[in-house]
Amino acid sequence: MITNVDFIPQFRRRVLRWARKHGRCGLPWQEDRDPYRLWVAEIMLQQTQVQKVIPYYTRFIAAFPDIYRLAQCEDEVLYYWSGLGYYSRARMLYRSAQIIIQQYGGQLPQCPKKLQDLPGIGRSTAGALLASAFGKKGVILDGNVKRVLSRYHGVFGAPNQCVSLLWQYAEHYTPSRRAARYNQAMMDLGALCCTPRDPDCGHCPLRRDCFCRQNGLQQQLPEKAPPKKMPVRKAYMLIIRNTYGEILLIKRPPRGVWGSLWHFPETNENPEQYCRRTLHFTPSAIEFLPQLHHSFTHFRLEITPVYLSLPTQSFCRKIMECAPIYTAQDCIWYNLQRPHKVGMSAPVTAILKKLSQDET
DNA sequence: AAGACGGGGTC
DNA sequence: GACCCAGTCTT
């Protein structure tokens with residue numbers, strides 16, 4: 001338990017005063033009170049920095065101005081999410097929209113428990129929404145707040161060991177009134193002053209009592225998880241074009257990497273063999289394109305794009321109808337001139353862009 | 001408790 | 001190339 005509560009008013013006041021002068025302003029969602037738009041913003045901001053989110057958020061809200069529009073088509077949601085990463089967020093956003101419409105008449109629930117029961121909303125996002133959308137005491141604990149609190153209090157230990165204690169600090173410091181302003185102030189402090197590297201301790205409002213500042217340990221906290229080996233995987237991405245020049249894309253399963261996104265057929269085995277044995281056609285031409293590398297959090301992918309031509313139009317239909325691992329619903333012929341509005345990963349987007357450029 | 005899950009920026 | 005980031009869900 002936390003016993004030393006004497007300095008709480010000062011902590012909070014100092015952070016808020018600092019934020020009035022140095023905090024961010026002008027973010028698209030900052031003055032907004034609309035729960036729907038704030039919800040979208042909070043989901044986008046998970047594991048993603050503000051500067052990356054802003055253009056995506058603007059396009060997304062223009063495409064889906066309300067929750068009923070959002071609930072219409074998952075593929076279109078993933079299209080506007082393409083490039084942001086962590087696509088399960090988009091799928092869960094879409095699923096939550098259905099639930100909110102069915103169970104809550106299209107209004108986001110104001111109850112913390114009901115909020116957290118929605119897919120994609122955990123403890124911190126629920127807290128952020130409670131504060132920003134509903135004016136309640138909502139507590140957040142994201143990377144920024146964790147860094148500020150763990151440095152200020154000198155919280156040592158592996159990240160998942162510290163979480164419980166950090167939540168206790170966060171609960172203690174968060175005011176019951178104007179929690180949203182305090183939350184924003186803490187995130188700004190973490191993002192602009194108490195940065196992961198080279199924190200600007202000279203201008204920090206907490207410099208007088210900060211444990212790490214006093215002991216010169218700013219770089220040590222928060223403690224990092226031990227690095228892990230990054231396995232390397234290899235994949236051929238098959239660029240299969242029909243006689244119209246359209247490109248075969250298949251929908252990935254809803255789980256796993258790039259879940260529910262549209263992709264080139266992918267294999268580890270010899271591409272020509274894969275075409276014959278699994279897709280039941282023999283390409284009339286085959287060309288290996290330069291490799292690309294793609295890094296994930298947990299592994300690294302070496303991609304070899306392979307360019308394959310289909311001999312006649314009848315084979316195009318055959319692929320759609322007969323390839324046993326794909327159903328017609330999971331296949332599209334993608335036209336570079338009239339692109340489908342579906343979700344695609346960064347590598348697929350990059351490859352398609354290059355193909356499009358080469359043709360002009 | 002640990003692993004899965006993207007992508008881009010920084011140094 | 002290694003490290004980092006406005007977390008949540010699954011197992």
Side-chain angles (χ1 to χ4, degrees), chain A residues 23-24 27-30 38-57 78 81-93 95-96 115-129 131-132 138-148 157-164 166-167 170 180 183-192 194-199 219 222-233 252-261 263 292-301 343-350:
Chain A
R24 294 188 214 255
L27 271 36
W29 50 82
Q30 210 159 33
L38 288 167
W39 170 46
V40 172
E42 288 300 335
I43 300 296
M44 283 192 172
L45 287 164
Q46 291 170 0
Q47 299 296 111
T48 312
Q49 277 137 334
V50 174
Q51 290 311 314
K52 174 84 178 170
V53 164
I54 289 173
Y56 280 86
Y57 174 81
L78 284 164
W81 206 272
S82 291
L84 250 191
Y86 285 110
Y87 298 95
S88 69
R89 293 182 296 172
R91 297 194 304 273
M92 292 187 292
L93 191 72
R95 270 203 288 149
S96 285
L115 232 30
Q116 280 188 67
D117 282 343
L118 292 168
I121 301 184
R123 185 171 175 182
S124 188
T125 302
L129 287 173
S132 63
V139 182
I140 62 165
L141 186 65
D142 55 28
N144 289 313
V145 178
K146 278 179 187 165
R147 193 164 53 250
V148 172
N160 51 14
Q161 307 292 323
C162 301
V163 169
S164 162
L166 291 173
W167 269 112
N183 288 345
Q184 188 60 48
M186 283 294 280
M187 289 188 289
D188 288 349
L189 186 62
L192 304 173
C194 193
T195 51
R197 267 184 309 216
D198 303 323
Q219 310 285 356
E223 284 186 36
K224 293 168 281 188
K228 295 189 177 75
K229 287 283 178 202
M230 288 263 285
V232 178
R233 300 187 205 168
R252 299 175 68 94
R255 302 215 156 178
V257 176
W258 296 317
S260 295
L261 268 53
H263 244 246
L292 356 117
H293 300 271
H294 194 83
S295 290
F296 294 86
T297 322
H298 47 305
F299 67 95
R300 186 178 155 77
L301 190 63
M344 293 180 297
S345 70
V348 170
T349 304

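Side chains included, hydrogens not; waters and symmetry mates left out as well; all remaining heavy atoms used. Every chain is numbered from 1, with letters handed out A, B, ... down the list of sequences.
- Here A/M186 contributes atom CE and A/C194 contributes atom SG; the two are 8.5 Å apart, rounded to the nearest 0.5 Å.
- Put simply, A/H298 has a side-chain N or O that comes within less than 4.0 Å of OP1 or OP2 on B/dC5.
- With sequence neighbours left out, A/N183 forms a side-chain contact (heavy atoms from CB on, under 4.5 Å) with A/A131, A/I140, A/T174.
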Using nucleotides 7-11 of chain B, report all nitrogen or oxygen pairs with the protein that are shorter than 3.5 Å.
residue	atom	partner	partner atom	Å
B/dG7	OP1	A/Y87	OH	2.6
B/dG7	OP1	A/A346	N	3.0
B/dG7	OP2	A/W258	NE1	2.8
B/dG7	OP2	A/H294	NE2	2.7

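- Nearest-nucleotide positions on DNA chain C place A/K224 closer to the 5' end than the other of A/K224 and A/K146.
- Looking at the side chain of A/Q46, the nearest of the listed nucleotides B/dC5, C/dA6, C/dT8 is C/dT8.
- Under the ring-ring contact (aromatic ring centres under 6.0 Å, His included) criterion, A/Y56 pairs with no residue at all, not counting sequence neighbours.
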Scan nucleotides 9-11 of chain C against the protein and return all N/O pairs shorter than 3.5 Å with their distances rounded to 0.1 Å.
residue	atom	partner	partner atom	Å
C/dC9	OP1	A/G120	N	2.8
C/dT11	OP1	A/R255	NH1	3.2

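- With sequence neighbours excluded, no residue forms a side-chain contact (heavy atoms from CB on, under 4.5 Å) with A/Q49.
- When the P atom of C/dG7 is taken as reference, atom CG of A/L141 falls 10 Å away, rounded to whole Å.
- Not counting sequence neighbours, the partners of A/F296 by the ring-ring contact (aromatic ring centres under 6.0 Å, His included) test are A/W258, A/H294, A/F299.
- Partners of A/T125 by side chain to side chain donor-acceptor pair (under 3.5 Å), not counting sequence neighbours, listed by chain and number: A/Q46.
- Panel note: side chain A/R300, backbone A/M230; no donor-acceptor pair is recorded below 3.5 Å.
- For A/R24, the salt bridge (charged side-chain N to carboxylate O under 4.0 Å, His left out) partners at least two apart in sequence or on another chain are A/D188.
- Taking 4.0 angstrom as the limit, A/R24 places none of its side-chain polar atoms (N or O) nearer than this to OP1 or OP2 of C/dA6.
- Within a heavy-atom distance below 4.0 Å of DNA chain B, no residue of residues 183-190 of chain A is found.
- In terms of the side-chain contact (heavy atoms from CB on, under 4.5 Å) criterion, residue partners of A/Q116 (sequence neighbours excluded) are, by chain and number, A/R123, A/A126.
- Summarising the geometry, the separation between CD on A/Q51 and C1' on C/dA6 is reported as 13 Å, rounded to the nearest angstrom.
- When the C1' atom of C/dA6 is taken as reference, atom CG of A/L27 falls 11 Å away, rounded to whole Å.
- The CG-P distance, from A/L301 to B/dC5, rounds to 12 Å in whole Å.
- Atom CZ of A/F299 is separated from atom C1' of B/dA4 by 10 Å (rounded to the nearest Å).
- Comparing A/R300 and A/P222 against DNA chain C, the residue whose closest nucleotide sits nearer the 5' end is A/R300.
- Applying the salt bridge (Lys or Arg N to Asp or Glu O under 4.0 Å) test to pairs two or more places apart or on separate chains, none has a residue in residues 39-51 of chain A.
- Applying the side-chain contact (heavy atoms from CB on, under 4.5 Å) rule to A/Y86 yields the partners A/Q47, A/R89, A/T297; only residues at least two apart in sequence or on another chain are considered.
- Applying the 4.0 Å criterion to OP1 and OP2 of C/dT8, one finds that A/T125 has a side-chain N or O inside that range.
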